[in-house]
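This report concerns only the one structure given below.
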Amino acid sequence: MRVLGIETSCDETGVAVYDSDKGLLAHRLYSQIDLHADYGGVVPELASRDHVRKLIPLIKEVLAAANSSAQEINGIAYTSGPGLAGALMVGAMTGRSLAYAWNVPAIGVHHMEGHLLAPLLEVNKPEFPFIALLVSGGHTQLLRVDGIGQYELLGESVDDAAGEAFDKVAKMLNLDYPGGPNVAKLALQGNAEAFKFPRPMLDRPGLDFSFSGLKTSVLTAYKQTADYPEKLADIAASFEAAVVDTLLRKCERALKETGLKRLVMAGGVSANVKLRADLEAMAQRKRWQVFYPSHAFCTDNGAMIAYAGCQRLLGGQQENLAVTVKARWPMVDLPAV
């Protein structure tokens with residue numbers, strides 16, 4: 001089965017063609033970073049309009065790169081949630097309309113399931129079951145994954161997601177948008193032990209996360225060192241270390257409680273260099289297997305949507321003509337394949 005995947009959940013327009021026999025044939029991604037930079041964050045209306053401008057040209061480009069005609073597409077997958085409602089609607093309406101015109105089935109894909117399954121695009125793929133750490137700007141979750149659509153939520157953030165905390169700290173430190181990567185870049189110049197920031201919720205049982213208190217500690221440190229700009233790199237490094245340490249220790253707890261030895265990490269924050277390095281080091285000590293997508297598939301992209309959609313279409317699932325998008329959508333509600 002050959003599937004066209006469309007991703008428009010936020011500020012990146014992603015399109016890909018995935019073939020169940022040949023793998024990923026082509027993918028393209030357009031980022032709206034420059035569009036939103038002046039505002040310090042994503043402006044939903046501008047994001048939606050830009051998806052309208054870029055989506056059809058990207059689809060044409062990807063089909064040409066995949067050496068595939070419309071007649072060779074057997075199904076269309078589009079992100080139907082969670083995300084910005086207007087942005088989601090652009091991709092959903094386009095995908096559903098093309099499916100109708102080309103007389104092929106369409107499937108709405110859960111954005112975070114796309115991230116979760118992105119490591120399966122790699123040559124070295126994880127086998128089920130495994131623990132998944134999903135870390136992005138909108139989500140921080142730990143799940144037990146026994147198969148596609150077989151998800152048990154073990155823990156999640158009760159306030160800010162890890163990526164959201166990175167972005168908010170970036171604003172505190174007056175760093176440019178996008179904040180997360182710029183915090184990580186600044187952290188390379190700092191001393192991670194300069195500030196003793198808290199590791200939230202590690203002093204209690206369970207697998208939930210909280211980064212709001214950590215963010216407040218960073219703000220306090222920033223105000224106390226306002227006259228010492230050279231301390232900004234130390235703040236960034238100490239903050240990053242606190243987030244990474246918290247994520248790793250929760251992963252360790254999840255693996256110990258479930259008895260599993262495989263961990264998948266996905267989502268935008270999974271591209272963080274320190275997080276990957278520390279996770280690899282801990283995995284070697286604990287004799288775990290760790291899997292994550294290549295950097296190109298950590299952020300939002302069409303390839304992960306095409307892959308996830310292909311698996312569900314192969315399982316006989318598809319949408320009717322009604323187009324629905326969901327700004328909020330618990331992943332545990334998804335049906336099994």
Would you please test Phe291 and Arg262 for side-chain contact (heavy atoms from CB on, under 4.5 Å) and show each step?
-> CA-CA 8 Å; Phe291 305 86; Arg262 282 186 291 271; 4.1 Å; yes

List the steps and the verdict of side-chain contact (heavy atoms from CB on, under 4.5 Å) for Phe211 and Val218.
-> CA-CA 11 Å; Phe211 296 105; Val218 172; over 6 Å; no

Derivation and outcome, side-chain contact (heavy atoms from CB on, under 4.5 Å), residues Val145 and Gln150 = CA-CA 6 Å; Val145 180; Gln150 300 176 48; over 6 Å; no

Would you check, one step at a time, whether the test side-chain contact (heavy atoms from CB on, under 4.5 Å) holds for Leu121 with Phe297?
-> CA-CA 9 Å; Leu121 289 164; Phe297 302 134; 4.2 Å; yes

Decide side-chain hydrogen bond (donor to acceptor under 3.5 Å, both in side chains) for Glu156 and Thr140; before the verdict, give the C-alpha distance in whole Å, the side-chain angles of both, and the deciding distance to 0.1 Å.
-> CA-CA 6 Å; Glu156 62 184 342; Thr140 301; over 6 Å; no

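In terms of heavy atoms, Gly114 sits closest to Ala308 at CA-CB, 4.3 Å. Closest of all the heavy-atom pairs between Val135 and Ser270 is CG2-N, 3.8 Å. Between Leu313 and Pro105 the shortest heavy-atom distance is CD2-CB, 4.0 Å. For the pair Gly309 and Ala77, the tightest heavy-atom approach, listed with the atom from each and the gap, is CA-CB, 3.7 Å. The shortest heavy-atom contact between Ala242 and Pro198 is CB-O, 3.8 Å. When all heavy atoms of Ala132 and Leu116 are compared, the closest pair comes out as CB-CD1, 3.2 Å.
Side-chain contact check for Glu7 and Ser9: at least one donor-acceptor pair (N or O, by modelled atom type) lies under 3.5 Å. Defined by atom type and a distance below 3.5 Å, a donor-acceptor pair is present between the side-chain atoms of Asp159 and Ser210. For the 3.5 Å distance criterion, the side chains of Thr8 and His51 fail to qualify, holding no donor opposite an acceptor. A side-chain donor-acceptor contact under 3.5 Å links Asn174 and Tyr222. Asn272 and Glu240 share a donor-acceptor pair across their side chains, judged by distance under 3.5 Å alone.
Using a cutoff of 4.0 Å between basic side-chain nitrogens and carboxylate oxygens, Glu61 and Arg28 are scored as salt-bridged. No salt bridge links Lys171 with Asp167; every basic N to acidic carboxylate O contact stays at or beyond 4.0 Å. The pair Asp50-Lys54 does not count as a salt bridge, with every side-chain nitrogen at least 4.0 angstrom from each carboxylate oxygen. With respect to Glu164 and Lys215, no salt bridge is recorded, no charged nitrogen being found less than 4.0 Å from a carboxylate O. Taking the charged nitrogens against the carboxylate oxygens, Glu252 and Lys256 have no contact shorter than 4.0 Å, which rules out a salt bridge.
For the pair Asn103 (side chain) and Ala99 (backbone), a donor-acceptor distance under 3.5 Å is absent. The backbone N or O of Phe130 lies less than 3.5 Å from no partner atom in the side chain of Arg144, so there is not a single donor-acceptor pair. A distance-only check finds no donor-acceptor pair linking the side chain of Gln189 to the backbone of Leu232 [under 3.5 Å]. In terms of modelled atom types and a separation under 3.5 Å, the side chain of Glu122 and the main chain of Ser294 share a donor-acceptor contact. Remark: the backbone N or O of Asn320 is paired with a side-chain donor or acceptor of Arg96 at under 3.5 angstrom. In terms of modelled atom types and a separation under 3.5 Å, the side chain of Lys168 and the main chain of Gly179 share no donor-acceptor contact. A donor-acceptor pair is defined here as one N or O able to donate and one able to accept, closer than 3.5 Å; no such pair exists between the side chain of Glu257 and the backbone of Ala254. Between the Gln32 side chain and the Ala47 main chain, a donor and an acceptor come within less than 3.5 Å of each other. Using a distance-only test at 3.5 Å, with no hydrogens or angles considered, no donor-acceptor pair links the side chain of Ser238 to the main chain of Ile235. For His27 (side chain) and Val15 (main-chain N/O), no donor-acceptor pair under 3.5 Å exists by modelled atom type.
The shortest distance between side-chain heavy atoms of Pro119 and Met265 does not fall below 4.5 Å. Here the side chains of Thr79 and Ile6 are not in contact, with every heavy-atom distance at 4.5 Å or above. Side chains of Val109 and Arg312 form no contact here, defined as non-hydrogen atoms less than 4.5 Å apart. Side-chain contact between Leu133 and Val264 is absent, with no heavy-atom pair separated by less than 4.5 Å. In this structure, the side chains of Val3 and Asn74 stay at 4.5 Å or more apart for every pair of heavy atoms. Between Met331 and Leu143, some side-chain heavy-atom pair lies under the 4.5 Å cut-off. Within the 4.5 Å cutoff, side-chain heavy atoms of Ser68 are placed close to those of Ile73. When side chains are defined from C-beta on, Thr94 counts as touching Ile59, because their heavy atoms get closer than 4.5 Å.
Between Phe239 and Phe166, the gap from one ring centroid to the other is short of 6.0 Å.
Ile305 and Tyr30 sit in two unconnected hydrophobic clusters of ILVMFWY residues. Membership requires side-chain heavy atoms under 4.5 Å apart, directly or through other members. Val158 and Leu154 fall into different hydrophobic clusters, where Ile, Leu, Val, Met, Phe, Trp and Tyr side chains are chained together by heavy-atom contacts under 4.5 Å. In the hydrophobic clustering of this structure, Leu260 does not group with Ile148; members are Ile, Leu, Val, Met, Phe, Trp, Tyr whose side-chain heavy atoms approach within less than 4.5 Å, directly or through other members. Hydrophobic clustering of Ile, Leu, Val, Met, Phe, Trp and Tyr side chains at less than 4.5 Å, counting indirect connections, keeps Val323 apart from Leu55.
Taken to the nearest 0.5 Å, the CD atom of Gln317 stands 5.5 Å off from the CD1 atom of Ile107. Taken to the nearest 0.5 Å, the OG1 atom of Thr299 stands 8.5 Å off from the CD1 atom of Ile33. Atom CE of Met112 sits about 11.0 Å away from atom CG of Leu117, to the nearest 0.5 Å. The distance from the OG atom of Ser48 to the CG atom of Leu46 is 9.0 Å, given to the nearest 0.5 Å. The SG atom of Cys251 sits 8.5 Å away from atom CD1 of Ile131, with the distance rounded to the nearest 0.5 Å. Taken to the nearest 0.5 Å, the CG atom of Asp19 stands 13.0 Å off from the OH atom of Tyr307.
Atom CG of Asp333 has more than 12 heavy atoms from other residues, nucleotides or ligands within 6.0 Å. Annotation for Arg49: atom CZ does not count as buried by contact number, only 12 or fewer foreign heavy atoms lying within 6.0 Å. The number of heavy atoms from other shown groups lying within 6.0 Å of CZ (Phe128) is above 12. Annotation for Met1: atom CE counts as buried by contact number, over 12 foreign heavy atoms lying within 6.0 Å. Annotation: Glu193, atom CD; neighbour count of heavy atoms from other residues, nucleotides and ligands within 6.0 Å does not exceed 12.
Screening Tyr151, Tyr78, Trp329 for a ring-ring contact (aromatic ring centres under 6.0 Å, His included) involving His110 leaves a single residue, Trp329.
For the pair Arg2 and Tyr18, the cation-pi test (distance below 6.0 Å, angle within 45°) is failed.
Aromatic ring orientation, His115 versus His111: perpendicular (interplanar angle above 60°, classes split at 30° and 60°).
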